[in-house]
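All values below come from the heavy atoms of this structure, side chains included, with hydrogens, waters and symmetry mates left out. For the single chain, residues carry numbers from 1 onward in sequence order.
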Amino acid sequence: MSRLVRWIILLIYRAKGWKLEGALPDARKFVIAGAPHTSNWDFVFFTGATHEMGIKPSFMGKHTLFRWPMKRFMEDMGGIPVDRRSRANYVEQVAAEFTRRDELALVVAAEGSRTTDGTWKSGFYHIAQAAGVPIVPTWVCNATMRLGFGPALWPSGDYAADLARIAAYLRSVLPDESRFKALEAQAAALLKDRKHAA
């Protein structure tokens, strides 16, 4: 079933005629922080793009989805079960998965949901920091049918400063994207709050 679904996804992706920009890092493990997340079609585009790049993307999913009869399908599609009831939080669980595997490209919708105002959740950053892997900021433009991978960023431990760097890159690619303007404002606010607290 997973092979059939993947084949259909790739068929749709190629039929749409999407174009790729940038490149993934020369690394075996990294976090892909994707935005803006405005459609369920984003999964199709990311699956097709990463396939063209020669990698199999993974994603986090609620642990209850990994039970029979869906367990094999979810795993074959790249799913990583996360148990919110566990004493180990989801960051620790996913970081442990990075340690266990030789290769892992984890795709995270950094905004958290399609209904966001453009601000990002910090989970993607904490996962990359805990796992000791780089973050690849990745953008989608439905209007021009483009998807691009930005330069890899290693978490410095300064979330506000690193988020500002990511925002600056995304704004340089899609300067008119309202959600990236919101991300830039979020990063600026975090830097301002830190300055006032010092």
Side-chain angles (χ1 to χ4, degrees), residues 1-13 16 18 20 22 24-25 27-86 88-116 120-140 142 147-150 152-153 155 166 170 179:
M1 179 63 73
S2 62
R3 292 179 182 177
L4 175 61
V5 171
R6 188 173 293 277
W7 180 81
I8 293 173
I9 287 174
L10 294 176
L11 189 66
I12 294 172
Y13 170 80
K16 290 285 186 178
W18 277 73
L20 298 183
L24 290 171
R28 301 175 73 182
K29 303 178 185 181
F30 47 88
V31 171
I32 297 175
H37 181 32
T38 59
S39 167
N40 284 327
W41 286 102
D42 294 342
F43 178 75
V44 173
F45 305 145
F46 272 95
T47 299
T50 50
H51 177 80
E52 283 196 23
M53 292 293 189
I55 65 169
K56 182 179 179 181
S58 293
F59 61 92
M60 295 180 289
K62 193 174 181 180
H63 72 285
T64 54
L65 297 174
F66 291 77
R67 296 173 179 168
W68 189 89
M70 294 296 293
K71 185 177 187 297
R72 181 66 180 273
F73 172 78
M74 292 294 290
E75 291 175 344
D76 286 348
M77 289 300 294
I80 297 175
V82 174
D83 188 350
R84 295 282 184 171
R85 305 167 307 171
S86 173
N89 63 37
Y90 80 96
V91 170
E92 294 172 327
Q93 293 177 53
V94 180
E97 196 68 21
F98 269 101
T99 300
R100 189 178 70 83
R101 300 192 189 192
D102 293 328
E103 297 182 1
L104 179 54
L106 178 69
V107 178
V108 179
E111 295 164 313
S113 72
R114 298 191 309 276
T115 58
T116 179
W120 283 21
K121 306 294 185 181
S122 61
F124 78 97
Y125 187 86
H126 296 305
I127 289 172
Q129 187 175 29
V133 300
I135 298 164
V136 180
T138 306
W139 52 273
V140 175
N142 289 285
L147 186 150
F149 300 102
L153 180 148
I166 293 172
L170 293 174
R179 292 198 181 190

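The minimum heavy-atom distance linking Pro134 with Pro155 is given by the pair CA-CD, 4.4 Å. For Ala95 against Ala130, the heavy-atom pair with the smallest separation is CB-CB, 3.9 Å. Residues His37 and Ala109 approach most closely at CD2-CB, 3.9 Å, considering heavy atoms. Nearest approach of Thr50 to Thr47, heavy atoms of both residues: OG1-O, 3.1 Å. Summarising the geometry of Met53 relative to Leu20, their closest heavy-atom pair is CE-CD1, 4.1 Å, with the distance given to 0.1 Å. Between Val140 and Pro36, the shortest heavy-atom distance links the atoms O-CD, 3.5 Å.
For Arg28, the side-chain contact (heavy atoms from CB on, under 4.5 Å) test picks out Asp102, Glu103, with sequence neighbours left out. For Phe30, there are no ring-ring contact (aromatic ring centres under 6.0 Å, His included) partners at least two apart in sequence or on another chain. Thr115 meets the side-chain contact (heavy atoms from CB on, under 4.5 Å) test with Ser113; sequence neighbours excluded. Considering only residues two or more places apart in sequence or on other chains, Ala35 meets the side-chain contact (heavy atoms from CB on, under 4.5 Å) condition with Glu111, Trp120, Phe180. Qualifying side-chain hydrogen bond (donor to acceptor under 3.5 Å, both in side chains) partners for Glu75, counting only residues two or more places apart in sequence or in other chains: Lys71. Partners of Phe45 by ring-ring contact (aromatic ring centres under 6.0 Å, His included), not counting sequence neighbours, listed by chain and number: Trp18. Not counting sequence neighbours, Arg84 has no partner by the salt bridge (Lys or Arg N to Asp or Glu O under 4.0 Å) test. Every residue was checked against the side-chain hydrogen bond (donor to acceptor under 3.5 Å, both in side chains) condition with Gln129, not counting sequence neighbours, and none meets it. By the side-chain hydrogen bond (donor to acceptor under 3.5 Å, both in side chains) test, Arg85 is found to be paired with His63, Asp83, residues two or more places apart in sequence or in another chain being considered. Looking at residues two or more places apart in sequence or on another chain, you find a side-chain hydrogen bond (donor to acceptor under 3.5 Å, both in side chains) between Glu52 and Tyr13. A search for side-chain contact (heavy atoms from CB on, under 4.5 Å) contacts involving Ile8 returns Leu4, Ile12, not counting sequence neighbours.
Summarising the geometry, atom CD1 belonging to Ile9 is positioned 4.0 Å from atom CE belonging to Met77; distances are rounded to the nearest 0.5 Å. Rounding to the nearest 0.5 Å gives a distance of 5.0 Å between CG of Asn142 and OG1 of Thr38. Note: Glu97 CD to Ile80 CD1 = 5.0 Å, rounded to the nearest 0.5 Å. Interatomic distance, Phe73 CZ to Trp68 CH2, rounded to the nearest 0.5 Å: 15.0 Å.
The shortest side-chain heavy-atom distance between Asn89 and His126 does not fall under the 4.5 Å cut-off.
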(request) Could you walk me through whether Leu104 and Val133 pass side chain to side chain contact (heavy atoms under 4.5 Å, CB included), step by step? (result) CA-CA 10 Å; Leu104 179 54; Val133 300; over 6 Å; no
(request) Could you go through the side chain to side chain contact (heavy atoms under 4.5 Å, CB included) check for Tyr125 and Ile166 one step at a time? (result) CA-CA 11 Å; Tyr125 187 86; Ile166 293 172; 5.7 Å; no
(request) Evaluate the side chain to side chain contact (heavy atoms under 4.5 Å, CB included) criterion for residues Phe124 and Leu106: first the C-alpha distance (whole Å), next the side-chain angles of each, then the deciding distance (0.1 Å), finally the verdict. (result) CA-CA 9 Å; Phe124 78 97; Leu106 178 69; over 6 Å; no
(request) Before giving the answer on side chain to side chain contact (heavy atoms under 4.5 Å, CB included), spell out for Leu24 and Ile32 the whole-Å C-alpha distance, their side-chain angles and the decisive distance to 0.1 Å. (result) CA-CA 9 Å; Leu24 290 171; Ile32 297 175; 4.3 Å; yes
What donor-acceptor contacts under 3.5 angstrom involve side-chain atoms of residues 55-62, with partners at least two apart or in another chain?
unit_1 : atom_1 : unit_2 : atom_2 : d
Lys56  : NZ     : Asp76  : O      : 2.6
Ser58  : OG     : Gly78  : O      : 3.3

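Counting non-hydrogen atoms of neighbouring residues, nucleotides and ligands closer than 6.0 angstrom, the CZ atom of Arg72 reaches no more than 12 such neighbours.
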